[in-house]
Peer 1: 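Take this structure first; my questions come after.
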Amino acid sequence: MKPIYKMKNWQLLRARGAEGKVILSAGEFVAIGKRAFWGKHNRYIESVTLPTGVSVIKAEAFAECKNLRTVILPTGGSIGLSQGVFAGCTRLRGVANSENINSIGANAFAGCSSLQRIELGKDLHRIGEGAFSGCRSLTSVTLPSSLREVGEGAFAECQELAFYTTPDTLSTLSSEMFRDCVSLREAVIPAAVTVIPWGAFMGCISLGEVNIPANVQTVEARAFENCRKLHTVRMELGVTQIGAHAFDGTPALREVFLPRSVKKLGRGAFGTGKRKDGEKVTVCVENEYMVRRMKHLLALCGSAKCTTVKLIGKSIEERKRERRRESLDEKGAHLIG
């Protein structure tokens, strides 16, 4: 059966009966219309080659094409992917020329469980909500310096995602951005980020240590909840508040280094009640004033029973003795003849 294509105003509106390898001709259209190749009518497509000149693929254009394995994007110019373009293409393994993508819409690759790798180029400025959610075979991703916006849950449930690279210029992470990425070994926080949002790393059970840089002011609720292998958290001076249950459900957590800038802890920030194994989280602070304040904050938030506060800096007496020695050194010693 020969496929039937419907075109209008430089847009490919509909394709019916396409099978196997689909190679589209250049010069006939610049856009792929909404649901143009939707899987119900093109279930036997295995690969698609798009011609030079195509600049946009509209919503759900190839959604639910269950046999689609390969997509070859145009080699020249930029191309934008709208909402759900390849959603549910469970056998899609690769996207050639993906470095030409300038925008990825919400759920564009959601449920593409066979997608193992995708190159994101220097023109990409936006990744939409849930864009790669459920891409269970995706092992790594490099976010470009051009990126300005990442939607909620963009990489949620990418079970094989072991690491990602992000530019220091990225100023915002998103809620649930890496939720349930169970293979993720490191939480990379760009230097420009000021907030670690709600549930950003929730359920990342392979995280062992987290370092939160100085520009971060807020760790929101449930940011690292249920990170079951997390054992150490280090926060630099700058963090002022930690949200409710931010580090709840972390049975391996043993040490948390908090700076003197911390002023507020949300309900159950480090869990509530005693732990099953009887072990406590050691909250390390740098001065005696912080010891008193932190004990008070932990009591208020309900985490007192599962934590203990430890002074790692110098005590008031030690600092007094140091000042006295410095004062004597400045006056100089008398020589005895």
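It should be emphasised that the depicted structure is a prediction, and the values quoted were computed from it without experimental measurement.
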Peer 1: Indicate yes or no: at least one non-hydrogen side-chain atom of V30 is less than 4.5 angstrom from one of V54.
Peer 2: no
Peer 1: What are the two closest heavy atoms between S174 and G153, and how far apart are they?
Peer 2: OG-N, 4.0 Å
Peer 1: What is the distance from atom CG of D180 to atom CG of N226, rounded to the nearest 0.5 Å?
Peer 2: 8.5 Å
Peer 1: Looking only at heavy atoms, which two atoms of C135 and L115 are closest? And how far apart?
Peer 2: SG-CD2, 4.3 Å
Peer 1: As a quick check of understanding, evaluate side chain to side chain contact (heavy atoms under 4.5 Å, CB included) for T172 and V150, giving each step before the final call.
Peer 2: CA-CA 8 Å; T172 58; V150 183; 6.0 Å; no
Peer 1: Of the options V285, L311, V283, which is the one that meets M290 in a side-chain contact (heavy atoms from CB on, under 4.5 Å)?
Peer 2: V285
Peer 1: After noting the C-alpha distance and the side-chain angles of R234 and E236, does the key distance pass the salt bridge (charged side-chain N to carboxylate O under 4.0 Å, His left out) rule?
Peer 2: CA-CA 7 Å; R234 300 177 186 275; E236 294 185 22; over 6 Å; no
Peer 1: Can you list the residues that meet the side chain to side chain donor-acceptor pair (under 3.5 Å) rule with E220, with sequence neighbours excluded?
Peer 2: none
Peer 1: Near K66 NZ, under 6.0 Å, is it more than 12 heavy atoms from other residues, nucleotides or ligands?
Peer 2: yes
Peer 1: With sequence neighbours excluded, give me every salt bridge (Lys or Arg N to Asp or Glu O under 4.0 Å) pair touching residues 241-265.
Peer 2: R254-D277, R260-E286
Peer 1: With a 4.5 Å heavy-atom cut-off, do L207 and F201 have their side chains touching?
Peer 2: yes
Peer 1: Do you know which of R91, R43, E46 makes side chain to side chain donor-acceptor pair (under 3.5 Å) with N67?
Peer 2: R91
Peer 1: Could you check if a side-chain atom of L50 sits within less than 4.5 angstrom of a side-chain atom of N97, using non-hydrogen atoms only?
Peer 2: no
Peer 1: Ignoring hydrogens, what is the shortest heavy-atom contact between L170 and L147? Give both atom names and the distance.
Peer 2: CD1-O, 3.7 Å
